[in-house]
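Sequence positions, counted from 1, serve as the residue numbers for this chain.
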Amino acid sequence: MRMVAITATLIFVLDQVTKYWVVHGLGLDAKGVIEVWPPFLEFRMAWNYGINFGLFSGQADLTRWVLIAVALGIVLFVLVWLRRDPPGRPGLLAAGVLIGGALGNVVDRLVYGAVADFLNMSCCGINNPYAFNVADIAIFAGAAGLVLFPGTPASGKRKKRA
């Protein structure tokens with residue numbers, strides 16, 4: 001579990017530092033858009049009151065607390081799952097990545113009332129209207145990692161039959 005905690009902490013800190021730097025340090029909240037590498041990458045301020053792509057953002061205050069509870073529930077579920085059926089090293093890293101990302105977005109909802117999304121990527125004549133953040137990447141990558149690397153005992157030992 002130490003690996004999970006360290007990984008989650010690193011992802012959480014990376015997420016929060018990038019959000020603070022871009023939103024407050026670069027003043028994205030006031031500017032709205034900062035072109036970084038047009039047209040491939042720009043920082044575009046988007047306060048997300050819902051889930052991915054702004055879904056379920058209608059009842060902002062209720063949604064905020066429901067999504068905080070859901071995120072914390074998922075973190076707790078993953079921790080219990082890891083204790084009961086620990087995966088190998090890749091699965092533990094994936095769990096830490098997912099947990100760090102989920103907690104990063106929880107802190108945003110507690111501090112700002114919404115998640116601070118700022119990364120926008122477009123390519124090849126396709127204008128992407130959506131923004132995301134480091135926590136969103138981590139949640140997706142962690143969930144994919146848990147699907148790809150489930151339940152392989154970390155020790156490599158098999159249970160003895162009685």
Show your working on side chain to side chain contact (heavy atoms under 4.5 Å, CB included) between Trp65 and Ile68 and close with a plain yes or no.
CA-CA 5 Å; Trp65 293 107; Ile68 288 170; 3.8 Å; yes
Report yes if some heavy atom in the side chain of [X] is under 4.5 Å from a heavy atom in the side chain of [Y]; otherwise report no.
X: Val115; Y: Tyr49; answer: no
X: Phe149; Y: Pro87; answer: no
X: Leu41; Y: Asn120; answer: no
X: Val36; Y: Phe43; answer: yes
X: Met45; Y: Val33; answer: no
X: Leu103; Y: Leu72; answer: yes

For the backbone of [Y] and the side chain of [X], can you confirm whether one donor and one acceptor N or O come within less than 3.5 Å of each other?
X: Asn133; Y: Phe118; answer: no
X: Thr7; Y: Leu93; answer: no
X: Glu42; Y: Trp37; answer: no
X: Thr18; Y: Asp15; answer: yes

Would you name the heavy atoms of [X] and [Y] that are closest together and state the gap between them?
X: Leu26; Y: Lys31; value: O-NZ, 3.1 Å
X: Ala102; Y: Ala71; value: O-CB, 4.5 Å
X: Gly100; Y: Ile11; value: C-CG2, 3.8 Å
X: Ala46; Y: Ala131; value: CB-CB, 4.0 Å
X: Gly91; Y: Leu146; value: O-CD2, 3.4 Å

Salt bridge (Lys or Arg N to Asp or Glu O under 4.0 Å), paired with Lys19, selected from Asp136, Asp29, Asp108
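Output: one option passes, namely Asp108.
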Shared ILVMFWY cluster between [X] and [Y], side chains joined below 4.5 angstrom?
X: Val66; Y: Ile139; value: no
X: Tyr20; Y: Leu14; value: no
X: Leu92; Y: Val78; value: yes
X: Leu10; Y: Met3; value: no
X: Val111; Y: Val22; value: yes

Taking it one step at a time, do Val107 and Phe12 satisfy side chain to side chain contact (heavy atoms under 4.5 Å, CB included)?
CA-CA 9 Å; Val107 166; Phe12 174 82; 3.5 Å; yes
Reference residue Ile74; test side-chain contact (heavy atoms from CB on, under 4.5 Å); the match among Leu98, Leu79, Ile99:
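Result for side-chain contact (heavy atoms from CB on, under 4.5 Å) with Ile74: Leu98.
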Do other residues, nucleotides or ligands put more than 12 heavy atoms under 6.0 Å from Phe140 CZ?
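Open: at most 12 neighbouring heavy atoms sit under 6.0 Å from CZ of Phe140.
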Step by step, work out the side chain to side chain contact (heavy atoms under 4.5 Å, CB included) result for Ile137 and Leu119.
CA-CA 10 Å; Ile137 297 166; Leu119 293 168; 4.2 Å; yes
Measuring from Tyr130:OH to Arg44:CZ, what's the distance to the nearest 0.5 Å?
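CZ of Arg44 is found 11.0 Å from OH of Tyr130.
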